[in-house]
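One structure is given below, encoded as structure tokens.
Numbered from 1 within each chain, the chains take letters A, B, ... in sequence-line order.
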Number of protein chains: 4
Amino acid sequence: MNQNLFQEILSSQQKAKLTVKQERVVEAAISLFAEKGYSNTSTAEIAKKAEVSEASIFKQYGTKERLLLSLVIPYAKDFLPAKADEIIQEIRSSNQHMTFEQFLTAFLKNRVAFAAENREVFQVLIKEFIYKEDLKNELLPYFASEVVPRLSKVIASYQARGELRDVETTVLVRMVFTFIGGFLASRFVVLQQSRIEDDEVEAAVQFIMNGISSQH
Amino acid sequence: MNQNLFQEILSSQQKAKLTVKQERVVEAAISLFAEKGYSNTSTAEIAKKAEVSEASIFKQYGTKERLLLSLVIPYAKDFLPAKADEIIQEIRSSNQHMTFEQFLTAFLKNRVAFAAENREVFQVLIKEFIYKEDLKNELLPYFASEVVPRLSKVIASYQARGELRDVETTVLVRMVFTFIGGFLASRFVVLQQSRIEDDEVEAAVQFIMNGISSQH
Amino acid sequence: MNQNLFQEILSSQQKAKLTVKQERVVEAAISLFAEKGYSNTSTAEIAKKAEVSEASIFKQYGTKERLLLSLVIPYAKDFLPAKADEIIQEIRSSNQHMTFEQFLTAFLKNRVAFAAENREVFQVLIKEFIYKEDLKNELLPYFASEVVPRLSKVIASYQARGELRDVETTVLVRMVFTFIGGFLASRFVVLQQSRIEDDEVEAAVQFIMNGISSQH
Amino acid sequence: MNQNLFQEILSSQQKAKLTVKQERVVEAAISLFAEKGYSNTSTAEIAKKAEVSEASIFKQYGTKERLLLSLVIPYAKDFLPAKADEIIQEIRSSNQHMTFEQFLTAFLKNRVAFAAENREVFQVLIKEFIYKEDLKNELLPYFASEVVPRLSKVIASYQARGELRDVETTVLVRMVFTFIGGFLASRFVVLQQSRIEDDEVEAAVQFIMNGISSQH
DNA sequence: AATGAATGAGGCTTCATTCAT
DNA sequence: TATGAATGAAGCCTCATTCAT
């Protein structure tokens, strides 16, 4: 796998009008990968569950790995990057004088909802992200160059307003991502919850904003 | 796999006097599992790396899965549970009038050091914990019954003293575990760092204690 | 193995349209099993003799045991049960006033011919019947409920006519089956004859009818 | 395996004074071979059941096959050949004017008792006799040259006296052996009976003597 | 566009056997 | 004598993939 594959899949997605059978393959693959992991799911199983011949899968995707990436990459794109930008714009434009806490609440609820809606793909993404060096090498730089800077800018602007602690922005960004990543992964992947309640999201926001200490 | 297997492995660990070759098997398996994951590592590879016959591995462990568990479970026991208790005692006895922040710093440094020392096993543990339902079903209850209560007690006592925010203890505990889990997993597994610097641990403590908000 | 497997194999036989290669597998398997026994024949050997990949065998049969049963069970069905009924009808209808000796001669010749035609499968059946508890547990009840009663009825009717010794029918039936079983097994399996001459069949009939004593 | 092996085992048996552990090996092997067959029993299983190391078994027997033969051949010797001669002498000397029916009854009861006493070895013998060409090639000629002639002589002498049907002696001998073989094998091996009742033996003698016909 | 048939490569596991102690 | 440790060879089975139809 290389950069090309990644780009190629991204662009080949555009024109994709899936037939009924192809749709069934996608669903079967996602659900099996989510349940048992990529390595422990055979193409035979996928074909059987999708009620399609194995040959058809290979006709369409070429390799098992391309099947995985075709499922996961478009999702990752929506979850992480450019789209996140739109979200930020959207949220902020709705209220020019929003506090960071308000922004964070809106942002987190939005992402939680998105992950919950596509819970199985999210699980596949996290599991295989950890497991497959390949995927990590694709997604991490992408994340670093597309997502981190956007959030950094937002945080920096709130720091400038004096709302957020005056330490290196990167430190704050890292802590926030660490927590949010842990939050989503633990709930959706480890505990396999199908949703996260609003009050838990709010507790998370409180935690991010104020920690656990009582002193203020 | 069942409770029995878990207990059995734990107890069979006692008498283990490994020969040189057996030692090599352990090392090879850990390093390969850490690098490529359990499912993507064949017993043939392990045997080759350990310069041992495959048959020897199976003589000792019976199945590939028991090999994995024999590596991971004793480590998990040390990382998580009863031992954590000792650590808490040790830390607290060193300074009766310690603040929670001091306690947390000591605790986190201790666990970070332990994870760093056994980085590869830690990686295997996290990866397979996410991947294998089995292992999760063994370890999660164990964690819930052995570790959580101990930390809860500590946190509750500091809440009583007024040092920590006066909200439900479980909420605090969950947030702290979520963050610490995300912290260790992201650094050691996702980013594959070999260590975590003291000042990042301190930044993490700050984050846990006070969040990112400047308001006080 | 269980009742289900037995039934399943029986019914899956219906639709079987074997390809040329699959046909070769059947032939190779029968001949090797007959020659060296099931346990001492490896799937690799079968594949090689059939000039087919091992994978193909497993694609079709799933396990080595199912291969064995797929060969042996349909044959057993034809050799033993319902079909035996037709044979009895056929023989008897050819001559309403047939003596038991005539009937027995016809019956034995018929079964000897059938066993000789499928000598190898017959060998496999006998060998594995003795060897594999499983198969015995499938076939013995089948035999007891399907074959024995039919022959019993015939014998009983001849007893009623006064042609056969007036002792418990079951005793006669047991002795006859014991002898016929020993006769076929010794010739085709132990001595590995490819046929049994007519005069030996007739000698066998004489033995069954009159024993060895000269007194009458 | 060759003639030498056979002779060698026979003679090496003489001096055999088995230690306790060696005795346990013999018992374990017989019982496992009887239950599951030679091919499906591993040396590891035998060692475990005998509470002995595998190495010890190989020290003593060299190969797994020699272990089998060491169990089976001495038994076969006693069951079949020379000893049968003594039995014949013994039986006949007890009553000079014995009828053949009396002789046969005594002979059959004697052999049935012997097989029943050593049921497991008998099972192993029959199973492996059918399964292993080797063993058959050893025992069949032995049987043909040592046992058949002795019985033939007895039968011929009774024919001369007019007690038995006046047909070729070999025909009678074959039929008698076929039946007795089938009788013992079906009861002890197929049906796995632990004994045969006297009245069934008597029914068998009746069958051999007079068949099933009522005409006399 | 779809598939039934086929397979090379490799996976995990078991086996009989050896040998140093 | 007895055995713990080790293994080469082989066993059954699964996998992703190809190709003719």
Side-chain angles (χ1 to χ4, degrees), chain A residues 19-22 25 38-47 50-68, chain B residues 17-22 24-25 38-47 50-67, chain C residues 17-22 24-25 38-47 50-67, chain D residues 19-22 25 38-47 50-68:
Chain A
T19 66
V20 185
K21 290 201 173 189
Q22 287 164 348
V25 170
Y38 172 80
S39 291
N40 303 314
T41 303
S42 72
T43 51
E45 274 176 292
I46 298 170
E51 293 176 287
V52 156
S53 74
E54 273 189 87
S56 295
I57 297 178
F58 281 91
K59 201 85 179 180
Q60 201 183 139
Y61 295 99
T63 68
K64 189 189 170 193
E65 180 156 35
R66 273 193 65 114
L67 169 58
L68 170 67
Chain B
K17 264 276 189 174
L18 298 182
T19 64
V20 185
K21 294 202 173 190
Q22 287 165 350
R24 288 210 306 263
V25 169
Y38 173 80
S39 291
N40 304 314
T41 303
S42 74
T43 50
E45 273 177 292
I46 298 170
E51 291 177 288
V52 155
S53 73
E54 273 189 89
S56 295
I57 298 178
F58 282 92
K59 200 99 208 183
Q60 214 191 337
Y61 295 100
T63 67
K64 191 189 169 193
E65 180 158 32
R66 272 193 70 113
L67 168 58
Chain C
K17 265 275 190 176
L18 297 183
T19 65
V20 185
K21 294 200 173 189
Q22 288 164 350
R24 287 210 307 263
V25 169
Y38 173 79
S39 290
N40 303 314
T41 303
S42 74
T43 51
E45 273 175 293
I46 297 169
E51 291 176 289
V52 154
S53 73
E54 271 189 270
S56 294
I57 298 178
F58 283 94
K59 199 100 214 179
Q60 213 192 338
Y61 295 100
T63 66
K64 190 189 169 194
E65 179 157 33
R66 273 194 69 112
L67 169 57
Chain D
T19 67
V20 185
K21 290 200 174 190
Q22 288 164 347
V25 169
Y38 172 80
S39 290
N40 302 314
T41 302
S42 71
T43 51
E45 273 176 292
I46 298 168
E51 293 176 288
V52 156
S53 73
E54 273 189 89
S56 294
I57 297 178
F58 281 91
K59 201 82 178 185
Q60 201 182 139
Y61 295 98
T63 69
K64 190 189 170 193
E65 181 157 33
R66 272 193 65 114
L67 169 57
L68 170 67

Below 4.0 Å: OP1/OP2 of E:dA6 and any side-chain N or O of C:Q22: yes
Check the phosphate of F:dT3 against D:S53, side-chain N and O only, distance under 4.0 Å to OP1 or OP2. Yes or no? yes
Rounded to the Å, how far apart are [X] [atom1] and [N] [atom2]?
{"X": "B:Y61", "N": "E:dT14", "atom1": "OH", "atom2": "C1'", "answer": "19 Å"}
{"X": "C:K17", "N": "E:dA5", "atom1": "NZ", "atom2": "C1'", "answer": "16 Å"}
{"X": "C:Q60", "N": "F:dT14", "atom1": "CD", "atom2": "C1'", "answer": "17 Å"}
{"X": "A:L67", "N": "F:dC15", "atom1": "CG", "atom2": "P", "answer": "15 Å"}
{"X": "C:I57", "N": "F:dG11", "atom1": "CD1", "atom2": "P", "answer": "13 Å"}
{"X": "D:I46", "N": "E:dC15", "atom1": "CD1", "atom2": "P", "answer": "11 Å"}
{"X": "B:E45", "N": "E:dG11", "atom1": "CD", "atom2": "C1'", "answer": "11 Å"}
{"X": "B:R66", "N": "E:dT14", "atom1": "CZ", "atom2": "P", "answer": "13 Å"}

So, for D:K64 and D:Y38, which heavy atoms are closest and what is the spacing to 0.1 Å? NZ-O, 2.9 Å
If you compare all heavy atoms of D:S39 against all heavy atoms of C:N40, which two are closest, and at what distance to 0.1 Å? OG-OD1, 2.8 Å
Could you work out, with side chain to side chain donor-acceptor pair (under 3.5 Å) as the rule, every residue matching [X], not counting sequence neighbours?
{"X": "A:T63", "answer": "none"}
{"X": "C:Q22", "answer": "C:T19"}
{"X": "B:T41", "answer": "none"}

Can you tell me how far the CD1 atom of B:I46 sits from the CZ atom of B:R24, to the nearest 0.5 Å?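 Spacing of CD1 (B:I46) from CZ (B:R24) equals 14.0 Å.
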Quick one, give me the B/S/- string for nucleotides 16-21 of chain F, reading 5' to 3', where B means a protein heavy atom under 4.0 Å from the base and S means that only happens at the primed atoms, P, OP1 or OP2. BBBB--
Sequence neighbours excluded, which residues qualify as side-chain contact (heavy atoms from CB on, under 4.5 Å) partners of B:S56?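 So B:S56 forms a side-chain contact (heavy atoms from CB on, under 4.5 Å) with B:V52, B:S53.
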Non-neighbouring partners of C:R66 that pass salt bridge (Lys or Arg N to Asp or Glu O under 4.0 Å), sequence neighbours left out: C:E8
Residue list, salt bridge (Lys or Arg N to Asp or Glu O under 4.0 Å) with B:K59, at least two apart or on another chain: D:E54
For a stem of at least 3 consecutive Watson-Crick or G-U pairs with distances under 3.5 Å, i pairing with j, i+1 with j-1 and so on, which stems involve DNA chain F?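 Expected stems, ordered by start: E:2-21 with F:2-21.
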Using a heavy-atom cut-off of under 4.0 Å over every strand shown, decide if B:T19 touches base, sugar-phosphate, or nothing. sugar-phosphate
